[in-house]
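Remarks on the structure that follows.
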Amino acid sequence: MRAQLARVDAVLVQALIAAALSFAHLHDIALAAGQDGWKAWAYPVSVDLLLVAAWRRLRSGEAKAAGWCWFVIALAASLGANVATAGLLDMDNVPAWLRILVAGWPAVAFLGGTLLAHTTPTTVDEDAEHTDDPMDQEDASEPIPDLDSEEAPEPPPTPPAIESPPPERPAVAVPAALVEHARKVAAEHHTRTGTPIDTPTLRARLGVPTPMAEAIATQLT
C-alpha cells in the first residue's frame with residue numbers, strides 16, 4: 001500500500017512540475033505577444049483546459065477523431081510555447097505571425113471546448129428501430145383478446161345415475177324338521193288367536209334369525 005502511494009505521489013509531483021513549467025512558458029509567450037495583465041494568465045488556463053477536455057473525450061471512447069484533433073492542437077500550443085521560450089525566440093522582438101496566433105487562440109479554444117463538451121455521437125438504439133418497424137406497429141395495434149372476459153363453455157350435462165336394484169338376499173336353507181315344527185306352531189297360534197302367525201312372532205317362537213324366519217314363513221303359506 002505504501003509503495004503504491006509512493007508511486008502515485010511521484011506521478012503527481014511530476015505532473016505538477018510539468019504543468020507549472022508549461023503554464024509559465026505559455027504566460028511568457030502571451031506576455032511577449034502583447035497580451036499583458038490578466039490576459040497573459042488566461043492563455044495557459046485556456047490551453048490546459050482544452051487538453052483536459054480532449055483527453056476526457058479520448059478516455060470515453062466516443063468520437064476519437066475529434067478528441068485526437070483537439071488534443072494535438074492543444075499539445076502543439078503547449079509544446080510550441082515551451083520550445084519558443086528555450087532561447088529559439090527573441091522575446092523582445094516577437095514576429096507578427098506569432099502575435100496573430102496568440103490573438104486568435106481564444107476563438108480556437110472556445111470552439112474546441114464547445115465541440116468537445118456539448119457534442120455527443122449519435123447512436124441508434126436497436127429498440128427504437130424495432131419500434132419503428134411497421135409490422136411491429138400493426139401487431140401492436142391489434143387488440144389482445146381478454147381471455148378472462150370470455151364466457152367459459154358450459155360442461156355437458158352428466159347423465160343421471162342409474163340406480164342399481166337392491167341385492168337379493170341369498171336363499172336360506174331350512175331343515176325340513178324345522179319347517180314341520182313351524183307348521184305346528186303356526187296351527188297352534190291360529191287355533192288360539194284365530195289369525196295366521198306373523199313373521200316376528202314366528203321368529204320369537206322358534207328362536208331363529210330373521211332371514212330364516214322369513215324363509216320359513218314363505219314355506220308355510
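Heads up: numbering here begins at 1 and tracks the sequence. The figures here come from the full heavy-atom set of this structure, side chains too, leaving out hydrogens, waters and symmetry mates.
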Side chain to side chain contact (heavy atoms under 4.5 Å, CB included) against T195, all qualifying residues, sequence neighbours excluded: H189, T193
So, using side chain to side chain contact (heavy atoms under 4.5 Å, CB included) as the criterion, who are the partners of N93 when residues are at least two apart? D90
Worked verdict on V45 versus F23 for side-chain contact (heavy atoms from CB on, under 4.5 Å): CA-CA 8 Å; V45 177; F23 191 93; 3.6 Å; yes
Between L31 and Q35, is a side-chain contact (heavy atoms from CB on, under 4.5 Å) present by the stated rule, with each step listed? CA-CA 5 Å; L31 187 62; Q35 306 295 330; over 6 Å; no
With sequence neighbours left out, write down each residue that passes side chain to side chain contact (heavy atoms under 4.5 Å, CB included) with T85, or none if nothing qualifies. H25, D28, I29, M91
Name the atoms and distances for all side-chain donor-acceptor pairs under 3.5 Å in residues 69-78, with sequence neighbours left out.
unit_1 : atom_1 : unit_2 : atom_2 : d
S78    : OG     : S22    : OG     : 2.7

For G67 against L58, the heavy-atom pair lying closest together: C-CD2, 3.8 Å
Taking only residues two or more places apart in sequence or in another chain, which ones pass ring-ring contact (aromatic ring centres under 6.0 Å, His included) with H27? W41
Would you list the pairs meeting salt bridge (charged side-chain N to carboxylate O under 4.0 Å, His left out) in which at least one residue belongs to residues 186-201, sequence neighbours left out? E188-R205
For A81 versus L26, what's the shortest heavy-atom pair and its separation? CB-CD2, 3.3 Å
State which residues pass side chain to side chain contact (heavy atoms under 4.5 Å, CB included) with P95; sequence neighbours excluded, sorted by chain then number. L89, W97, L98
For W38, which fellow cluster members are found when Ile, Leu, Val, Met, Phe, Trp and Tyr are connected by side-chain heavy-atom distances below 4.5 angstrom, either directly or through intermediates? none
To the nearest 0.5 Å, how far apart are CD1 in I216 and OG1 in T199? 10.0 Å
Any sub-3.5 Å donor-acceptor pair from R57's side-chain atoms to L116's backbone N or O? yes
Quick one, R203 with L206, criterion side-chain contact (heavy atoms from CB on, under 4.5 Å). Give me CA distance, side-chain angles, the key distance, then yes/no. CA-CA 5 Å; R203 184 188 65 80; L206 296 178; over 6 Å; no
Side chains of residues 99-109: which donor-acceptor pairs under 3.5 Å do they make with residues two or more places apart or in other chains?
unit_1 : atom_1 : unit_2 : atom_2 : d
R99    : NH1    : A33    : O      : 3.3
W105   : NE1    : S46    : OG     : 3.2

